[in-house]
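Predicted model, so just to flag it, every value in this text is computed and none were measured.
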Amino acid sequence: MLATIQDVHEYGQLNYVIAIASLSSSISLLGLNTAVTTLVPQGHKQIDIQANQVILISATVCAIIVSLFNWLLGLFVMGMAFWMMSSYELLSRKLYSKYAINIIGARASQLVLSIILYSFFGIPGIIVGFIISFFVFSVTYFKTIPQFSKRFDKIRKEFKLSLHLYSYNLSNALLLYFDKLIIAPIYGFTVLGYYQLGFQFLMFFSMISVSFYQYLIPEESSGRNRNSIRLYGITLSIIITILVFVLAPVILKAFFPNYINSLTSIRILSLGIVPMMITGTLNSKFLAIKLTRYVLFSSIIYQVTQMVLIIVLGRQFGIEGISLSVVIAMIFQITFLGIAHFRLGKKNEQNN
């Protein structure tokens with residue numbers, strides 16, 4: 001939506017700034033959001049309260065550092081961290097309808113407020129719109145503050161798990177934001193703007209895989225088998241990939257005429273919808289049985305591959321090369337996860 005009212009250069013500049021703040025907020029989470037989602041369904045009490053205590057400290061530190069760049073981004077970091085913890089706590093308690101309201105409400109209000117405030121203040125107005133929405137929909141987090149204490153024993157006990165989850169979550173954050181921090185300095189805001197529109201298509205349609213992944217973690221942590229859900233998700237992702245590939249020219253001409261140079265990028269990135277779905281469902285299985293090392297290693301493989309290819313293929317093929325680096329890195333990641341899953345299944349059969 002923002003791309004429809006901004007030129008390519010400004011759209012790239014906005015995403016560069018948002019990437020800095022969002023990555024900082026993800027760093028402040030320390031993997032505790034996913035730890036809460038994994039452990040609460042298994043009966044771990046008070047771990048969500050202690051996690052929120054830690055987040056208050058870590059988010060404040062990250063916010064102060066980012067504020068040196070832009071004071072508004074400091075508020076963005078804290079608001080996003082509180083909102084994420086609120087959302088994941090609702091998810092951990094399987095309050096799916098409230099979780100949906102928290103996610104959709106925040107995103108919808110961000111959209112409306114950002115567009116309104118942009119007309120008055122430009123890019124700073126968009127950032128303020130995000131901040132307001134984050135804080136408004138962080139009610140679940142704020143309700144836990146009166147229960148804060150000086151105890152951190154639950155967190156210390158699960159430190160190893162949290163550390164692996166932190167590595168995984170940070171890798172996901174790098175997937176979403178770090179490419180912007182590489183592309184903008186090397187190729188400029190205009191190239192980033194074209195690429196980012198295609199990447200937004202991928203992220204928009206990959207919401208399905210994210211939803212399946214977030215649903216499967218608490219379900220499988222409780223010992224339920226949800227393989228049929230995985231199959232439905234992968235099938236749906238294949239259908240969506242075909243539709244995006246075919247309809248991309250029509251969508252661009254109708255809504256984003258200034259971004260016609262993003263057509264090939266969008267088509268290439270749409271091929272990543274299915275790998276994202278497979279990665280998300282496999283990761284949820286490993287997280288549920290606490291085999292986080294596979295999740296960590298696969299994330300490292302993805303990130304290293306993508307960073308190298310952004311530079312190599314980007315210089316060779318431009319925006320298309322940058323987009324291709326994302327898909328190739330995903331293929332490397334699911335190859336590793338698939339092999340690990342196959343070997344684990346074979347080992348379990350032998351043990352049985």
Heavy atoms only: give me the nearest [X]-[Y] pair and the separation to one decimal.
| X | Y | result |
| --- | --- | --- |
| Ala51 | Leu32 | O-CD1, 3.8 Å |
| Phe148 | Ile49 | CE1-O, 3.8 Å |
| Ile182 | Pro185 | O-CD, 3.3 Å |

Just say parallel, tilted or perpendicular for the rings of Phe82 and Tyr141, cut-offs at 30° and 60°.
parallel

Do [X] and [Y] make a side-chain contact, defined as non-hydrogen atoms from C-beta onward lying under 4.5 Å apart?
| X | Y | value |
| --- | --- | --- |
| Ile103 | Ser87 | yes |
| Val17 | Asn70 | no |
| Met277 | Ile273 | no |
| Met85 | Asp48 | no |
| Pro249 | Arg267 | yes |
| Val326 | Leu202 | yes |
| Pro257 | Leu252 | no |

Any donor-acceptor pair under 3.5 Å from Ser265 side chain to Gly198 backbone:
no

Main chain of Thr37, side chain of Ser92: is a donor-acceptor contact present, judged purely on distance under 3.5 Å?
no

Phe76 ring center near Phe134 ring center (under 6.0 Å):
yes

Axial cation check for Phe199 ring with Lys180, 6.0 Å and 45° limits
yes

Answer with yes or no whether the side chains of Asp179 and Tyr195 bring together a donor and an acceptor at under 3.5 Å.
yes

Phe137 meets the ring pair (Phe, Tyr, Trp, His ring centres under 6.0 Å) criterion, sequence neighbours left out, with none

